[in-house]
Amino acid sequence: MSSPYNSGVAFLTIIWLLRFASSINVKPNILVFLTDDLDVELGGLEPLQKTRRWISDHGIHFSNSFVSTPICCPSRSSTLTGLYQHNTKVFNNSVGGNCNSQRWQNGPETRTYATELKKAGYVTMYSGKYLNTYGSKASGGLEHVPLGWDFWSGLVGNSKYYNYTLSINGKAEHHGDSYEEDYLTDVIGRKAQSFLSHFQSINSTSPFLMVLAPPAPHAPFTPAPQYANHFLNHTAPRTPAFNHKSTGSTQKHWLIQTQPQLMSPEVIATVDEAFRNRWRTLLSVDDLVDGVLKTLEQFDRLKDTFVVFTSDHGYHLGQFGLPLDKRQLYDTDLRVPLLVRGPGIHTNTTKGNVVTNIDLAPTLVELGTGHVPVDMDGTSFVQLMMTESNFITPPQPQHSFLVEYHGEDGAHGVDQQCKAITDQHMVECEAQFGCKCQDARNNTFSCVRTFSQSEDTVYCHFQDDAGFIEMYNLKQDPFQLHNIASGMTPEVKSIYEEKIQILKECHGRDECFQA
Ligand SMILES: *[C@@H]1O[C@H](CO)[C@@H](O)[C@H](O)[C@H]1NC(C)=O
Ligand SMILES: *[C@@H]1O[C@H](CO)[C@@H](O)[C@H](O)[C@H]1NC(C)=O
Ligand SMILES: *[C@@H]1O[C@H](CO)[C@@H](O)[C@H](O)[C@H]1NC(C)=O
Ligand SMILES: *[C@@H]1O[C@H](CO)[C@@H](O)[C@H](O)[C@H]1NC(C)=O
Ligand SMILES: *[C@@H]1O[C@H](CO)[C@@H](O)[C@H](O)[C@H]1NC(C)=O
Ligand SMILES: *[C@@H]1O[C@H](CO)[C@@H](O)[C@H](O)[C@H]1NC(C)=O
């Protein structure tokens, strides 16, 4: 199949472009909120009431939105470029795994949605967390301002709420721990406000691209003081997978079977507190979205602005006895919120169509330039947002996508208190979480997720000594309790193996879009 869309849809696009062009006569502004570790499965959108009111009540809620890799730096790199991991070659959160490496800076970073929109006349602004190793010596320091950005205030290193440094167009701005001056989510809001005021005061007729990337709800989950006592009665959702022990023929990969297999009451209490603190940090994100959208409305620019709200990947809290993290092949970690509003698109609509993070870059480029870059692996979903339809749009159109993950070792290591764990290839083991290790070098897998009218499955193949396979039928088993791989015939396995192989070698939209 050479193109995922037929000419009828192209015709609709032309109608829309004409309607759009005549109604506002300028290119739309684009505003993206990119949160850090925000799940959708565990109710991550619930505390974001103002966000939902501003965005999805006036736009689209994508109820089947996924990432193609469940870890920060690789996922953020894919979101920026519209490329799968095998094409960004960003394998983990370290410079050695290409996170913000010279090779990334000289390669994929030279062609992102920002570089394309800037070429098309956009004034571009980025504020907040970028890539985990941004600003490190080994990757050119904070003097390196990624191509494509006119106004840059990137966070040095990984998410923090206090005591951090921003690169302001290549110069350091240090922040301490005063709530009023330094709380990062609020600082990002102030950078956004001053960008918009500047824009308004020079009476700019250029469109803008603004990306705001708050640290929330990533660890260390530090809430703003006014929110520190919210949600006192909340606990992490007890989904059917919460502290569920995998056994027998339906068991999961080896890491999940390592001791302790279940969480103790003390660990559960720590997980519940993390859950509450995550939600508390989200209340500041809700204020950020509210503040920026109010200002856009005041400046009469909201009607010409596409607003996207999403996350770099999901999160789990207690599922299958894993206390809290990402890096797993389950929907908790792969599903992300995706809310979009903008001129000409549906209001107050839920769409069940499958979209992934690699589809975002081509979508933003199409919105800003009218052209879809075919060398990006993702597929623009602009037409999907413009196509007339009812509030809820089942059934799923056919779509398969690839998930790639490379297990980490070494960098974060084992807590001194976890003396029983001496294996250098196991990491993310902390005493406060019962020393359950949550990643390892051989926690490396590829999956194909297949959606059609009759199917919703995920098939994953580990690169470990066992060549372990997990397969779930999500239509019957939405919480992924039963690994059905052992009951699959070799013939059926080979169908999925072949799909994975084709996807792992794909370059560009036409090869990577698999119906
Ligand atoms: C910030 O750094 C100061 C000085 O090192 C330290 O006293 C303070 O506890 C830190 N605050 C936070 C929230 O990490
Ligand atoms: C801003 O632009 C509008 C429309 O082009 C124009 O009428 C107005 O005088 C301009 N204001 C300033 C302060 O330049
Ligand atoms: C929390 O639960 C307690 C006991 O059920 C109740 O008295 C209290 O009002 C609840 N607090 C909130 C904020 O809901
Ligand atoms: C959105 O739709 C729901 C039901 O489809 C309706 O109850 C609600 O009032 C709508 N909200 C807005 C802002 O239109
Ligand atoms: C990241 O990936 C690189 C390249 O595969 C590898 O050498 C390095 O050890 C990895 N880092 C971690 C922390 O696993
Ligand atoms: C995976 O790696 C761990 C840690 O090095 C090792 O103990 C385990 O046997 C390996 N398992 C498989 C299935 O490869």
Side-chain angles (χ1 to χ4, degrees), residues 34-45 62-79 84-85 90-93 132 158-159 216-219 221 236-237 239-244 246 252-256 263 271 274-275 278 310-338 354-358 401-408 412 427-428 433 436-440 442-449 456-462 468 470-472 474 477-481 483:
L34 178 64
T35 54
D36 197 358
D37 286 7
L38 178 59
D39 65 275
V40 58
E41 289 267 289
L42 306 177
L45 280 169
F62 285 95
S63 58
N64 279 311
S65 166
F66 296 87
V67 291
S68 52
T69 181
I71 189 69
C72 300
C73 194
S75 174
R76 286 165 180 260
S77 304
S78 288
T79 300
Y84 272 128
Q85 188 179 62
V90 177
F91 296 118
N92 57 37
N93 285 339
N132 298 43
N158 202 358
S159 278
H218 193 283
F221 332 110
T239 67
F242 189 85
N243 227 9
H244 180 270
S246 93
K252 298 187 151 47
H253 61 102
W254 75 277
L255 190 60
I256 291 200
M263 299 178 293
V271 166
F275 174 84
R278 281 167 55 84
T310 190
S311 174
D312 56 357
H313 48 71
Y315 209 66
H316 58 257
L317 287 153
Q319 281 65 39
F320 310 113
L322 291 170
L324 80 185
D325 202 24
K326 46 268 181 174
R327 309 164 191 268
Q328 295 295 324
L329 53 93
Y330 309 110
D331 269 20
T332 45
D333 297 26
L334 295 177
R335 282 186 182 269
V336 288
L338 179 62
V354 175
V355 290
T356 70
N357 63 326
I358 61 167
F401 66 90
L402 178 68
V403 177
E404 298 166 287
Y405 181 74
H406 284 249
E408 289 190 305
H412 308 291
V427 286
E428 307 283 329
F433 297 115
K436 175 76 178 185
C437 298
Q438 303 198 70
D439 204 6
N442 61 9
N443 181 37
T444 294
F445 53 84
S446 307
C447 309
V448 60
R449 180 72 182 248
D456 179 1
T457 60
V458 62
Y459 175 95
C460 300
H461 192 148
F462 281 80
F468 199 73
E470 292 190 36
M471 168 77 167
Y472 297 94
L474 286 109
D477 179 23
F479 294 99
Q480 297 169 294
L481 304 180
N483 175 11

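Atoms considered below: every heavy atom in the structure, side chains included; atoms not considered: hydrogens, waters and symmetry mates. Owing to the predicted nature of the structure, the values given are computational and were not obtained by experimental measurement.
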Could you list the residues that satisfy side chain to side chain donor-acceptor pair (under 3.5 Å) with Thr310, not counting sequence neighbours?
none
Can you tell me how far CG of Asn132 sits from CG of Asn158, rounded to the nearest 0.5 angstrom?
4.5 Å
Short side-chain to backbone donor-acceptor contact, Ser246 and Lys252, under 3.5 Å
yes
So which heavy atom on Gly44 is nearest to which on Asp39, and how close?
N-OD2, 3.0 Å
Heavy-atom closest contact (Gln328 atom, Pro70 atom, distance):
O-CG, 3.6 Å
Hey, does the side chain of Thr444 reach the backbone of Gly407 with a donor-acceptor pair shorter than 3.5 angstrom?
yes
Any chance you could measure Asn357, atom CG, to Thr69, atom OG1, to the nearest 0.5 Å?
8.5 Å
For Leu322 and Cys437, work out which heavy atoms get closest and say how close.
CD2-O, 4.4 Å
Does Phe91 have any ring pair (Phe, Tyr, Trp, His ring centres under 6.0 Å) partners at least two apart in sequence or in another chain, and if so, which?
His406
Identify, with sequence neighbours excluded, every residue that meets side chain to side chain contact (heavy atoms under 4.5 Å, CB included) alongside Asp331.
Glu41, Phe66, Arg335, Arg449, Leu474, Gln480
Which atom of Glu404 lies closest to which atom of Gln85, heavy atoms considered
OE1-N, 3.2 Å
Please identify each residue that fulfils salt bridge (charged side-chain N to carboxylate O under 4.0 Å, His left out) with Lys436, with sequence neighbours left out.
none
With Phe320 as reference, evaluate Leu481, Leu255, Thr332 under the side-chain contact (heavy atoms from CB on, under 4.5 Å) test and give the passing residue.
Leu481
Do Asn93 side-chain atoms and Cys73 backbone N/O form a donor-acceptor pair below 3.5 Å?
yes
Mind checking what makes ring pair (Phe, Tyr, Trp, His ring centres under 6.0 Å) contact with Phe479, not counting sequence neighbours?
none
With distance as the sole test, does Arg278 use its side chain to make a donor-acceptor pair with the main-chain N or O of Asp37 at under 3.5 Å?
yes
Could you tell me whether the side chain of Asp439 and the main chain of Glu408 form a donor-acceptor pair under 3.5 Å?
yes
Out of Val67, Ile358, Val90, Val336, which one pairs with Ser75 under the side-chain contact (heavy atoms from CB on, under 4.5 Å) rule?
Val67
Spacing of SG belonging to Cys447 relative to CG belonging to Leu402, to within rounding of 0.5 Å:
8.0 Å
Which atom of His316 lies closest to which atom of Lys326, heavy atoms considered:
CE1-O, 3.2 Å
Taking only residues two or more places apart in sequence, or in another chain, which ones meet Phe462 in a ring pair (Phe, Tyr, Trp, His ring centres under 6.0 Å)?
His253, Phe445
Kindly write out the residues that satisfy side chain to side chain contact (heavy atoms under 4.5 Å, CB included) with Pro237, not counting sequence neighbours, or none if the list is empty.
Leu42, Thr239, Phe275
Compare every heavy atom of Asp312 with every heavy atom of Arg76, then report the nearest pair and how far apart it is.
NE-OD2, 2.9 Å
List the residues meeting side chain to side chain donor-acceptor pair (under 3.5 Å) with Asn92, not counting sequence neighbours, and say none if there are none.
none
Between the NE2 atom in His218 and the CG atom in Leu38, the distance rounded to the nearest 0.5 Å is 12.5 Å
Please enumerate all residues that pass side chain to side chain contact (heavy atoms under 4.5 Å, CB included) together with Asn483, with sequence neighbours excluded.
Phe468, Glu470, Met471, Tyr472, Ala485
From CG (Asn443) to CH2 (Trp254), nearest 0.5 Å
8.0 Å
Can you list everything that forms a disulfide bond (SG atoms under 2.5 Å apart) with Cys72? Sequence neighbours excluded, please.
none
Quick one: side chain to side chain donor-acceptor pair (under 3.5 Å) partners of Ser63, sequence neighbours excluded?
none
Side chain to side chain donor-acceptor pair (under 3.5 Å) against Tyr84, all qualifying residues, sequence neighbours excluded
none
